[in-house]
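Structure first, then comments.
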2 protein chains.
Amino acid sequence: MLRVTKLADYGIVMLTYLAANRESTYTARDMAKIVQLPLPVVSKVLKLLGKAGLLTSQRGTKGGYSLARDPQEITVATVIRALEGPIAVTECIAVNRDCNLELGCPVRTNWHLINHAIQSALEKITLAEMTKPLNQSLVCLNLPVPETASKNLDISYERQQQH
Amino acid sequence: MLRVTKLADYGIVMLTYLAANRESTYTARDMAKIVQLPLPVVSKVLKLLGKAGLLTSQRGTKGGYSLARDPQEITVATVIRALEGPIAVTECIAVNRDCNLELGCPVRTNWHLINHAIQSALEKITLAEMTKPLNQSLVCLNLPVPETASKNLDISYERQQQH
DNA sequence: TGATACTGGACCGTTTTAGTACTGTTTATT
DNA sequence: AATAAACAGTACTAAAACGGTCCAGTATCA
């Protein structure tokens, strides 16, 4: 549905908070209070982010989490990947398997470009930026755009379905 | 999972084919053959696209579907909306309900900007362009980007969960 | 009148998501 | 050394969304 999972949403929010409060460390319990979500959920997200190397964790009493890198160096794209795997707008992109007659399908390659565009857009936004209301500037990104008409010869539009 | 549904994927492929073969009309059966998908699925997609006004349909013998508008005037964003509703990268955007303390949450407004950026990216790609391999040009789109630091005062990072 | 093809729902199995629970391990404190 | 706090890992369950099918209805043409 072209939607990010809640875990990813939660993750962004939590990391953004941590980015804005860099000094101290927070326990999962702390974060649950701050974000107003159940502890198990918060805990799950933090664990995943830790595993992905975005958070450093300290066990035991006095333990907790804190940002592993500079907020400018953690992008929204990275967080999403950490919590829901590689960004792939279509299944066609996710799986390596060719959709029947891949070679001729123009749609597929275009999806790749679109995917790349979205991904690089998300790659441009860092946690540091998320801490404050962003302004509407212009960012150029690699988006496929029309050009000289290339003849579309015998092209396959087949689509594979799998169960 | 930041992924478009299969129905949307199928829809793009079929519309792209119709865009490349503007003259004639095609029955659902025809399209099923072309796209190599089961008739019921193809039929479902075509129905939805017809309902959305992207296809004109003709009933009865000699019936079939054909593009309702010029390929340059149908965007990928439109197709996605036709098949899976409004584009909303987070649930926060989809529902109008405020996520507890909406007012102070910087993340939320930033998601809105990101959503808008993605949406307008998809808005820029038409069916006409999908028929041929796109080239890597640069398109500028309204993407939120950092600016003068605005102090982040007492900001709420709460997140609402619902069942 | 009959065959063809779109229309509109309902329906159902599967997968993914969202959230919980539990057991184990590390660490600081006393 | 014992204890309590906190992270780590994994398994599990309920609910939602997805993907696909099916059927009864209506329009159209021959």
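Here is how names work: the chains are called A, B, and so on, in the same order as the sequence lines, proteins then strands, and each is numbered from 1. On a predicted model such as this, the values are computed, not experimentally measured, just so you know.
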Which of these, A/Val45, A/Thr25, A/Leu48, A/Leu18, sits in a side-chain contact (heavy atoms from CB on, under 4.5 Å) with A/Leu55? A/Leu18
May I have the distance from B/Leu55 (atom CG) to C/dC6 (atom C1'), rounded to whole angstrom? 12 Å
Side chain of B/Pro38: nearest nucleotide among D/dT21, C/dT27, C/dT7? D/dT21
Is the distance from OP1 or OP2 of D/dA8 to the nearest side-chain N or O of A/Tyr65 less than 4.0 Å? yes
Figure out the CD/P separation between A/Gln58 and D/dA6, and round it to whole Å. 12 Å
Under 4.0 angstrom, heavy atoms only, what part of the nucleic acid is B/Gly50 near: base, sugar-phosphate, or nothing? nothing
For residues 69-89 of chain A, tabulate all N or O donor-acceptor pairs below 3.5 Å that involve a side-chain atom, not counting sequence neighbours.
unit_1  : atom_1 : unit_2   : atom_2 : d
A/Asp70 : OD1    : A/Arg22  : NH1    : 3.1
A/Thr75 : OG1    : A/Ala77  : N      : 3.4
A/Thr75 : OG1    : A/Thr78  : N      : 3.1
A/Thr75 : OG1    : A/Thr78  : OG1    : 2.8
A/Thr75 : OG1    : A/Glu123 : OE2    : 3.3
A/Arg81 : NH2    : A/Glu123 : OE2    : 2.7
A/Glu84 : OE1    : A/Thr5   : N      : 3.0
A/Glu84 : OE1    : A/Thr5   : OG1    : 2.7

State, with a plain yes or no, whether a side-chain heavy atom of B/Glu91 is found less than 4.5 Å away from one of B/Trp111. no
Can you name the atoms? Protein N/O to nucleotides 1-4 of chain C N/O, anything below 3.5 Å, with the distance.
unit_1 : atom_1 : unit_2  : atom_2 : d
C/dT4  : O2     : B/Thr61 : N      : 3.2

For the residue pair A/Leu113 and B/Ile125, establish whether any side-chain heavy-atom pair is separated by less than 4.5 Å. no
D/dC7 P sits how many Å from A/Tyr26 OH, rounded? 14 Å
Using whole Å, what does the distance between atom C1' of nucleotide C/dG19 and atom CZ of B/Arg159 come to? 17 Å
At what distance, to the nearest 0.5 angstrom, does CZ of B/Arg3 lie from OG1 of A/Thr90? 7.0 Å
Taking only the side-chain heavy atoms of A/Lys44 (C-beta and beyond), determine which of C/dG8, C/dT20, C/dA28 contains the nearest atom. C/dT20
Would you say A/Ser43 reaches D/dA8's phosphate, i.e. side-chain N/O to OP1/OP2 under 4.0 Å? no
Send over the distance from A/Leu46 CG to D/dG9 P, rounded to a whole Å. 13 Å
So which nucleotide from C/dT17, C/dA5, C/dA28 ends up closest to the side chain of B/Thr27? C/dA5
Testing the 3.5 Å rule here: is there a donor-acceptor pair between the side chains of A/Thr56 and A/Ser66? yes
In whole Å, I'd like the distance from the CD atom of B/Glu84 to the C1' atom of D/dG19. 13 Å
Give a yes/no answer on whether the side chain of B/Tyr10 brings an N or O atom under 4.0 Å of OP1 or OP2 in D/dG20. yes
Rounded off to whole Å, could you give me the NZ-to-C1' distance for the B/Lys6 and D/dG20 pair? 10 Å
Just how far, in rounded Å, is C1' of C/dT20 from CG of A/Leu48? 15 Å
D/dC18, D/dC22, C/dA5: which one has an atom nearest the side-chain heavy atoms of B/Lys47? D/dC22
What pairs meet the ring-ring contact (aromatic ring centres under 6.0 Å, His included) rule with one or both residues in residues 25-44 of chain B, with sequence neighbours excluded? B/Tyr17-B/Tyr26
Picking from C/dG19, C/dT16, C/dC6, which would you name as closest to the side chain of B/Met1? C/dT16
I need the B/Thr16 OG1 to B/Glu129 CD distance, nearest 0.5 Å. 11.0 Å
B/Pro40 has a side chain; which of C/dA28, D/dT21, D/dG9 sits nearest to it? D/dT21
